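Side-chain atoms are counted along with the backbone in the values below, which use heavy atoms only and exclude waters and symmetry mates. Quantities reported herein were computed from a predicted structural model and do not represent experimental measurements.
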Amino acid sequence: MATKRTYSYQPTPEQLALAEERRQQREAKKLQEQNHTHLPPKFLLRPWTSLPTTRTASQSIIKVMSWNLLAQCLIRSNLFPTSSKALKTTHREPMLHAEILSHSADIMCMQEVDRLERLSPALEQAGYSSAYATGPGKQHGCLIAYRQDRCSHVGELIVEYDKQEVREDSAHPAARIGSSRMTNNIGFMVALAEAGASGKGVIVATTHLFWHPAFTYERARQAGILVREVLSFRQTIKHDDWPCIIAGDFNFAPDDPAYSLLVGNPLNATQSLRLQISRVIHISIDPTVPPTTKKADDEEGDGSETDPDRVINNSRAAVSSDGLLSDLDLTSLFTNGAKLRSAYDEGQRAQRESGTPGVVCTFGDRASLPPNRLGAHEPMWTSYTHYWKTTLDYIFFLETSEHHVDVVGYLDPHRTTDMEAGLPQIGICGSDHISLCAELVITQ
């Protein structure tokens with residue numbers, strides 16, 4: 001019978017010393033992380049531009065912020081190759097929360113919001129209440145926050161763009177909806193009564209429109225629906241005299257057809273062509289559409305690699321029975337609502353016309369948009385990363401016959417030189433979008 005032997009392992013002095021060194025390194029790193037959480041998170045502060053105004057007792061001043069936070073659940077390191085540690089929650093989240101609260105806004109509209117278990121307590125501690133909504137199946141959503149001492153919640157509405165009808169002249173439900181693609185995007189709005197001011201208030205709406213650059217028609221349809229539903233909501237709660245604020249990530253630039261339709265610019269030939277090219281029916285609407293193959297993609301181009309974000313795949317050309325809106329139909333969808341005004345377009349235009357053009361950098365400066373065309377004075381950039389750089393975010397407003405609205409101040413956009421490394425960046429900005437903030441005066 002074999003004898004069972006036991007051995008007692010005794011580490012050498014060198015091994016003991018190495019283990020102790022590693023233990024001390026772990027403790028030092030843990031202590032460093034703990035100390036780091038107590039340091040004020042750093043982001044790049046920006047100047048505030050105040051515009052001339054004459055204030056009276058009958059006026060209400062509202063400071064509005066809008067920001068796409070870049071949902072943590074959407075981050076992929078290959079999309080942000082220059083952002084490194086700025087993509088990590090431990091670095092990004094304190095920067096985001098600090099910048100949000102630094103604005104001291106009365107009303108805040110945020111998009112791509114996740115990790116509510118961390119954001120909501122920070123807002124509540126700072127004196128804000130909030131309302132939140134997500135599109136079907138999405139892990140992030142839209143949030144509207146408001147100061148508890150200034151506003152009270154009257155009502156709210158979620159608008160699912162995929163389900164909204166835009167025409168009545170068809171017996172087929174899909175044709176009445178007139179959509180080119182299912183996107184699960186939403187509009188979200190809240191009615192807020194002004195504290196201590198009987199009968200006064202504002203309708204606040206935010207949205208994150210469909211992202212794909214090639215789907216120009218679908219974004220225009222969604223934008224038109226949003227304005228229509230904001231005005232309908234205002235009627236439903238019986239406050240037709242309340243001004244409206246519509247802010248968010250619209251995923252289109254100021255030279256896009258949807259922007260022109262929102263503000264009342266006539267569509268030009270280039271914009272009409274972009275709409276026409278994007279009038280397609282995606283496989284999400286018509287399951288019989290044959291999926292696009294890689295070979296088909298190559299055949300359509302010149303044999304070179306094509307940016308998939310600029311190509312419409314898995315789709316067919318729309319026909320009249322699909323119910324997609326013509327340019328005239330789209331114009332009617334928007335003009336049945338109202339023409340929106342942009343806080344930054346008006347604010348930066350006023351600042352430049354005041355004789356200080358050197359401190360104002362606009363979309364029109366880089367895109368050769370005529371200076372007299374609405375949208376030319378939007379920020380030069382509102383999203384700036386290693387791979388894409390554009391203007392997508394806006395603070396729009398709509399006054400009423402009873403209440404006039406003016407822009408009296410705005411937060412200067414980031415300079416291009418500050419963002420050259422590509423957002424997010426530690427010490428600059430925790431998102432791939434910049435925050436916008438404007439002060440509006442409402443006169444009765």
Do NZ/NE/NH1/NH2 and the carboxylate oxygens of D114 and K138 come within less than 4.0 Å? no
Determine whether more than 12 heavy atoms belonging to other residues, nucleotides or ligands lie under 6.0 Å from atom CD of Q125. no
For side-chain contact (heavy atoms from CB on, under 4.5 Å), just list the numbers for V113 and H140, CA-CA rounded to whole Å, side-chain angles, deciding distance to a tenth of an Å, and then say yes or no. CA-CA 5 Å; V113 178; H140 58 89; 5.9 Å; no
Exercise: do S120 and Y132 side chains pair donor with acceptor under 3.5 Å: no
Parallel, tilted or perpendicular: rings of F250 and F396 (30°, 60°): perpendicular
Quick one: are I237 and I203 in side-chain contact, heavy atoms under 4.5 Å? yes
Yes or no on side chain to side chain donor-acceptor pair (under 3.5 Å) for Y344 and T382, after CA distance, side-chain angles and deciding distance? CA-CA 11 Å; Y344 270 81; T382 67; over 6 Å; no
Is S260 reaching over with its side chain to a backbone N or O of L267, donor-acceptor style, under 3.5 angstrom? no
Could you tell me whether the side chain of R118 reaches within less than 4.5 Å of the side chain of L96, counting heavy atoms only? no
On the ring face of F215, is R181 found with NZ or CZ under 6.0 Å from the centre and within 45° of the axis? yes
Give, for atom CD1 of I426 and atom CG of L44, the distance between the pair rounded to the nearest 0.5 Å. 14.0 Å
Does Q139, at its CD atom, have more than 12 non-hydrogen atoms belonging to other residues, nucleotides or ligands within less than 6.0 Å? no
Compare all side-chain heavy atoms of T53 with those of E439 and state whether any distance is below 4.5 angstrom. no
Enter the distance from S152:OG to E194:CD here, rounded to the nearest 0.5 Å. 10.0 Å
Report the C-alpha distance between W388 and F80 in whole Å, list the side-chain angles of each, state the deciding distance to 0.1 Å, and finish with yes or no for ring pair (Phe, Tyr, Trp, His ring centres under 6.0 Å). CA-CA 10 Å; W388 65 89; F80 306 96; 5.6 Å; yes
Contact between Q348 and R352 at the side-chain level, heavy atoms closer than 4.5 Å - yes or no? no
Using 0.5 Å steps for rounding, measure from the CD1 atom of I285 to the OG atom of S315. 10.0 Å
Reported CE-to-OG distance for the pair M110 and S435, which is rounded to 0.5 angstrom: 10.5 Å
Quick check on K88: does its NZ atom have over 12 non-hydrogen neighbours (other residues, nucleotides or ligands) under 6.0 Å away? no
Salt-bridge contact R221-E218 (side-chain N to carboxylate O under 4.0 Å): yes
Do Y259 and E378 meet the criterion of a side-chain donor-acceptor pair at a distance under 3.5 Å? yes
Non-hydrogen side-chain atoms of L192 and V204 separated by less than 4.5 Å: yes
E399 side chain near I442 side chain, heavy-atom distance below 4.5 Å: no
With no hydrogens and no angle check, do the side chains of S284 and H282 hold a donor and an acceptor under 3.5 Å apart? yes
Honestly, is R147 close enough over Y128, meaning NZ or CZ under 6.0 Å from the six-membered ring centre and within 45° of the axis? yes
Can any side-chain N or O of R373 pair as donor or acceptor with the backbone N or O of N265 at less than 3.5 Å? no
Does any non-hydrogen side-chain atom of F233 lie less than 4.5 Å from one of C244? no
For a 4.5 angstrom cut-off between non-hydrogen side-chain atoms, does F188 reach C109? no
Full working for side chain to side chain donor-acceptor pair (under 3.5 Å) between R219 and Q222: CA-CA 5 Å; R219 263 187 307 280; Q222 292 178 356; over 6 Å; no
Do the side chain of D345 and the main chain of G375 share a donor and acceptor less than 3.5 angstrom apart? yes
Testing V190, L116, L143, I144 for side chain to side chain contact (heavy atoms under 4.5 Å, CB included) with S130, which one passes? L143
CZ-CZ distance between F43 and R92, expressed to the nearest 0.5 angstrom: 15.0 Å
Strictly below 4.0 Å, N to O, side chains only: are D256 and R274 in salt-bridge contact? yes
Got a donor-acceptor contact below 3.5 angstrom from the D322 side chain to the L324 backbone? no
Distance (rounded to the nearest 0.5 Å) between L340 CG and L374 CG: 11.0 Å
Determine yes or no for a side-chain-to-main-chain donor-acceptor pair under 3.5 angstrom, with T49 supplying the side chain and D412 the backbone. no
